2 protein chains.
Amino acid sequence: MFRLPDIIRRDRTEPLVAEICAVLRKWNIEPIPFRSQVDIQHEGDRPRSMYLIRSGWIYSYAVLADGQRQILFLHQPGDIAGLADFGAERVSCSMRSLGECVVLPIPFTAIATFSSTAPDIITYLLQKSAQMQSILMRTLTAVGRMEARHRVIWLILMLHERISGSVTTASAVIEIPFNQSEIGDLIGLTNVSVSKMLCQLSDEGFIERKGSKVLLRRVADMQAMINYEPMGFSEGSYLNLKEDYRERDAVKRI
Amino acid sequence: MFRLPDIIRRDRTEPLVAEICAVLRKWNIEPIPFRSQVDIQHEGDRPRSMYLIRSGWIYSYAVLADGQRQILFLHQPGDIAGLADFGAERVSCSMRSLGECVVLPIPFTAIATFSSTAPDIITYLLQKSAQMQSILMRTLTAVGRMEARHRVIWLILMLHERISGSVTTASAVIEIPFNQSEIGDLIGLTNVSVSKMLCQLSDEGFIERKGSKVLLRRVADMQAMINYEPMGFSEGSYLNLKEDYRERDAVKRI
DNA sequence: CGCAGATTTGAAAATCGTCAAAAACCGTGG
DNA sequence: CCACGGTTTTTGACGATTTTCAAATCTGCG
């Protein structure tokens, strides 16, 4: 164990994250730091907690019989990894850190407590879970039905949206936290295909590359090419949601 | 509109479904019947409700720019379709009935009510959402990293588990609610490939086919071939969960 | 500078898709 | 019971995309 960073920075603070942290602190649950490329949880474990990412990146993945790997989800700060295992007998996927990171374990048993004392938190978790589902569906659509070239473009646009927190058509630089083998494992290609496609996109002027940084040059063109739609939930949308509640009588209109 | 069946049969009744129905009945929300192959919701709509399946099947799907389709999820009776759109600005996928079905709309605005008056229901929804996530992850793993033959086997085993409600290694007959084009859209193949693989599996004695019915002959062999693990949540696991809550002090042990 | 890992490149092979035609299936109506 | 029309499934030839394999090159870092 190494020391925690003195200050954990979080740009886009979720409204209820602070509340969750406060409760956990009362129970003496501490954030845990991990080094890069360390398994945080392994497929087949008994589910104990989910993990609120405080800083860094984590990905969930599954390994097949023949050793192939599918990366299922890239978790960012503010995300809750392992939510899918709530209520399961066995953990369905492994989780690994991408770079150094700090995570706060939220034991599943806490959900019962939240349920009676802080229903807002459960509602928040439900919304987070729904967002993850949407992203998974997007990934499945890309992997199942796009050719290699479009999958790579999809990946770039998706990372752009998730990392920057919004969609723009302006040029932007993103840092891709994966190497090319990992990219392949995420979108169902080999590292060789990923390399070829990235080079091709670079040759054609869609992107420029420097190490793991990618400059998106023709975002609008790429979005048009694969019909990319923004995911439609930015941080803070929970607040909007709360406002919507006021039109409760809408229920009657169904 | 045609008449509702007099009795809606449900074999595996979820513990909290009755409670949800009771609340909705008080709000005069009625189950809606749909004919076969009808769109219940369309991508881009404003999210209004989720849909509790009372009988029949529904699938969620997305359509790409070039007209290709990815089927994202097969919803069974007891499932809640559209949960992924909770909190989103726009609905992320379309939903279509597979055969006649009856569906109870649950307006998203109801979640606020549940949150304050029936936190158990929100917790239940959270668990349902988690289960859907697990299934999506399984699908993504199959589509992203398995060859065609293994994908078809995966599909058969998955349907077997979901339709029968449990995993066995004994032979069993299942009725596949999809045609081969739809199967292809679910696992990322063409109808032609699906046909070839099904014929091949039949020739090799793994399955026997009669119309849309499939007899699984060598379940254990097929499970071994693709390392199929059961999903690990049967109906009623919510009860187990409640019991787990008693070991609340486990929280301290993290 | 040298090493280890990551990326690029090219040729050959395998898988899967496309296309088109034939066959099978299914419900309907005579 | 059989004929009919529409849909679904099967089949085979061919082509395109992606993988595999292997070697070369590049990069970051001590």
Side-chain angles (χ1 to χ4, degrees), chain A residues 35-38 64 66-71 96 98-100 142-156 175-204 207-214 225-226, chain B residues 35-38 64 66-71 96 98-100 142-156 175-204 207-214 225-226:
Chain A
R35 296 189 185 287
S36 186
Q37 297 289 342
V38 172
L64 303 205
D66 60 359
Q68 293 216 83
R69 179 174 67 161
Q70 175 69 45
I71 292 183
R96 181 170 296 182
L98 256 184
E100 297 192 355
V143 170
R145 282 298 186 217
M146 286 181 189
E147 57 179 357
R149 177 185 170 80
H150 286 185
R151 276 187 237 180
V152 172
I153 293 176
W154 175 83
L155 175 93
I156 291 170
E175 169 136 23
I176 295 189
F178 295 115
N179 67 30
Q180 292 182 3
S181 294
E182 289 163 335
I183 292 176
D185 288 340
L186 179 47
I187 56 180
L189 298 171
T190 59
N191 62 330
V192 177
S193 295
V194 171
S195 171
K196 283 172 181 164
M197 293 302 153
L198 285 175
C199 292
Q200 196 179 310
L201 292 174
S202 182
D203 290 346
E204 293 166 350
I207 59 175
E208 257 168 60
R209 300 196 293 153
K210 184 163 247 171
S212 63
K213 288 200 179 62
V214 173
M225 197 186 316
I226 65 168
Chain B
R35 296 189 186 288
S36 187
Q37 298 289 342
V38 172
L64 303 206
D66 60 358
Q68 293 214 84
R69 178 174 68 162
Q70 175 68 45
I71 291 183
R96 181 170 295 182
L98 256 183
E100 298 192 353
V143 170
R145 281 299 186 217
M146 286 182 189
E147 58 179 0
R149 179 187 169 79
H150 286 186
R151 278 187 235 179
V152 172
I153 292 175
W154 175 83
L155 175 93
I156 291 170
E175 170 136 23
I176 296 189
F178 295 114
N179 66 31
Q180 292 181 5
S181 294
E182 290 165 333
I183 293 176
D185 288 341
L186 179 47
I187 56 180
L189 298 172
T190 59
N191 61 331
V192 178
S193 294
V194 172
S195 172
K196 282 173 180 164
M197 292 304 154
L198 285 174
C199 292
Q200 198 180 309
L201 292 175
S202 181
D203 290 347
E204 293 166 351
I207 59 176
E208 256 169 60
R209 298 197 293 152
K210 184 163 248 171
S212 63
K213 288 198 178 63
V214 173
M225 198 186 315
I226 65 168

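Just so you know, these numbers come straight off a predicted model, no measurement behind them. Here is how names work: the chains are called A, B, and so on, in the same order as the sequence lines, proteins then strands, and each is numbered from 1. Computation of the quantities below employed the complete heavy-atom set of this structure, encompassing side-chain atoms and omitting hydrogens, waters and symmetry-equivalent molecules.
Side-chain N or O atoms of B:R151 include one that pairs as donor or acceptor with a backbone N or O of B:G188 at under 3.5 Å. Between the side chain of A:Q37 and the main chain of A:L98, no donor-acceptor pair closer than 3.5 Å is present. Between the B:R35 side chain and the B:G99 main chain, no donor and acceptor come within less than 3.5 Å of each other.
Looking at the side chain of A:L189, the nearest of the listed nucleotides D:dT19, C:dT7, D:dT11 is D:dT19. Considering only side-chain atoms of A:Q180, the nucleotide from C:dT7, D:dC21, D:dA13 that sits closest is C:dT7. Here D:dT19 is the nucleotide among C:dG17, D:dT19, D:dT10 with the atom lying nearest to any side-chain atom of A:K196. Ranking C:dT9, C:dC19, D:dT18 by closeness to the B:V192 side chain, first place goes to C:dC19.
One finds a side-chain N or O of B:T190 lying less than 4.0 angstrom from the OP1 or OP2 phosphate oxygen of C:dG17. Under 4.0 angstrom from either OP1 or OP2 of C:dG17 there lies at least one side-chain N or O belonging to B:S193. The side chain of B:R209 contributes an N or O atom lying less than 4.0 Å from OP1 or OP2 of D:dT10. Between A:S195 and the phosphate of C:dT7, there is no side-chain N or O to OP1/OP2 separation shorter than 4.0 Å.
Within 4.0 Å (heavy atoms only), A:G188 reaches sugar-phosphate atoms of the nucleic acid but no base atom.
Between the CG atom of B:N179 and the C1' atom of D:dT9 there is a distance of 10 Å, rounded to whole Å. Following rounding to the nearest Å, A:E182 (CD) and C:dG5 (P) show an atom-to-atom distance of 14 Å. In this entry the distance linking NZ of B:K210 with P of C:dA24 reads 16 Å, nearest Å. Summarising the geometry, the separation between CD on B:E147 and C1' on D:dT18 is reported as 14 Å, rounded to the nearest angstrom. Protein atom CZ of B:R145 is 13 Å distant from nucleotide atom P of C:dC16, rounded to whole Å. B:N191 has its CG atom 15 Å from the P atom of D:dT7, to the nearest Å. The CG-C1' distance, from B:D66 to C:dG17, rounds to 13 Å in whole Å. In this structure, CD1 of A:I183 is placed 14 Å from P of D:dT19, rounded to the nearest angstrom.
Considering B:R69, B:Q180, B:Q68 in turn, B:R69 is the only one that fulfils the side-chain hydrogen bond (donor to acceptor under 3.5 Å, both in side chains) rule with B:D185.
Look at B:R149 and B:E204 and you find a salt bridge, because one of the NZ, NE, NH1 or NH2 atoms lies within 4.0 Å of a carboxylate O, short of that distance.
Nearest-nucleotide positions on DNA chain D for A:R149 and A:G211 put A:R149 closer to the 5' end.
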